[in-house]
Number of protein chains: 2
Amino acid sequence: MTATPVADDAASAACCATCAAPALAEAAAREAARLLKAIADPNRLRLLSIVKHGPADGTCVCDLTEPLQLGQPTVSHHLKILVDSGLLAREKRGTWAYYTLVPGSLDKAAALITEL
Amino acid sequence: MTATPVADDAASAACCATCAAPALAEAAAREAARLLKAIADPNRLRLLSIVKHGPADGTCVCDLTEPLQLGQPTVSHHLKILVDSGLLAREKRGTWAYYTLVPGSLDKAAALITEL
DNA sequence: AGGCAATATTGATGTTCATCGATATATGTT
DNA sequence: AACATATATCGATGAACATCAATATTGCCT
């Protein structure tokens, strides 16, 4: 346990007892992890990259299955995760669904890491 | 390293005919995902935060188990993941193990997201 | 030496997750 | 209307993972 912040030589002093800088709270950590988990997947990283470099009016699913070498249901599943976490936006035009990057969403996710 | 930014045969076909920017290659995506996966966990985010705001000479494990409300083996396991992925550095002084943030490692991880 | 405290490792367990095949839901076409 | 295409959803399966209890290792102290 060592519940004693006894100042031995200032070496063993715990950072938490008097430290004003608050560590990430549990709820905030869970929230941040949820977003980062959506990004931390090889195929979803590639999806984000392809959509980001793709045409401004969106990339359709049919153009995503081939580069990823994945089945259509799997790609659709990953896209849903990215949309649900606020990273991609989905717009249906006719039979096709076009995905675009939500502006600023990637920077916001990156800030969760740099501003820990 | 950064051997070949554009060398790809089966994957990362250009998202559109006019788009020359290459999508993230599979190997790079797997590598990036491995690092981001190490971060994308609520408890590991809190560990990084606590260590970052902790004393410059390191935070010992005994000061980490309590705020996380986790058993010592579990904390040790998470710390190992963070060390193996290059985010934390471990220095043993006597019986204690002190963990410090590897300088620049968080910014490098964040760059994997912003520079997709 | 023996004993104690801090940390790491091992083995097991329940959960989450990525992937797929099959099917459902549109939407356009003939 | 029936049909074809594009995408989404469902159910199942195997792998990855987080957590814990028990044990091993390391270093200090008497």
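Side chains are part of it too, since the values below use all heavy atoms of this structure and drop only hydrogens, waters and symmetry mates. The structure displayed is predicted, hence computed values, not measured ones.
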To the nearest Å, give me how far apart [atom1] ([X]) and [atom2] ([N]) are.
X       : N      : atom1 : atom2 : answer
A/Leu47 : C/dT19 : CG    : C1'   : 14 Å
B/Leu79 : C/dT7  : CG    : C1'   : 10 Å
A/Lys37 : C/dT15 : NZ    : P     : 16 Å
B/Leu45 : D/dA18 : CG    : P     : 12 Å
A/Gln72 : D/dA8  : CD    : C1'   : 7 Å
B/Asp41 : C/dC17 : CG    : C1'   : 14 Å
A/Asp63 : D/dT7  : CG    : C1'   : 14 Å
B/Leu88 : C/dT7  : CG    : P     : 14 Å

What closest approach, in Å, do [X] and [Y] show between heavy atoms, and which atom pair accounts for it?
X        : Y        : result
B/Leu116 : A/Leu106 : CD1-CD1, 4.2 Å
B/Ala56  : B/Thr100 : O-CG2, 3.7 Å
B/Tyr98  : B/Asp57  : CB-O, 3.9 Å
B/Cys62  : B/Thr65  : O-OG1, 3.6 Å
B/Leu87  : B/Ala38  : CD1-CB, 4.4 Å

Please state whether the phosphate of [N], meaning OP1 or OP2, lies under 4.0 angstrom from any side-chain nitrogen or oxygen of [X].
X       : N      : answer
B/Arg93 : D/dG27 : no
B/Thr74 : D/dC20 : yes
A/Arg90 : D/dA8  : yes

Closest to the [X] side chain, choosing from [options]:
X       : options               : answer
B/Pro73 : C/dT9, C/dA18, D/dA8  : C/dT9
B/Trp96 : D/dT9, C/dA6, C/dC17  : C/dA6
B/Val61 : C/dT19, D/dA18, C/dT7 : C/dT7
B/Thr95 : C/dA6, C/dT27, D/dC17 : C/dA6

Please work out if [X] contacts a base, only the sugar-phosphate, or nothing of the nucleic acid, heavy-atom cut-off 4.0 Å.
X       : value
A/Tyr98 : nothing
B/His78 : sugar-phosphate
B/Leu70 : sugar-phosphate

5'-most contact on DNA chain D (nearest-nucleotide basis), A/Tyr99 vs B/His77, goes to A/Tyr99
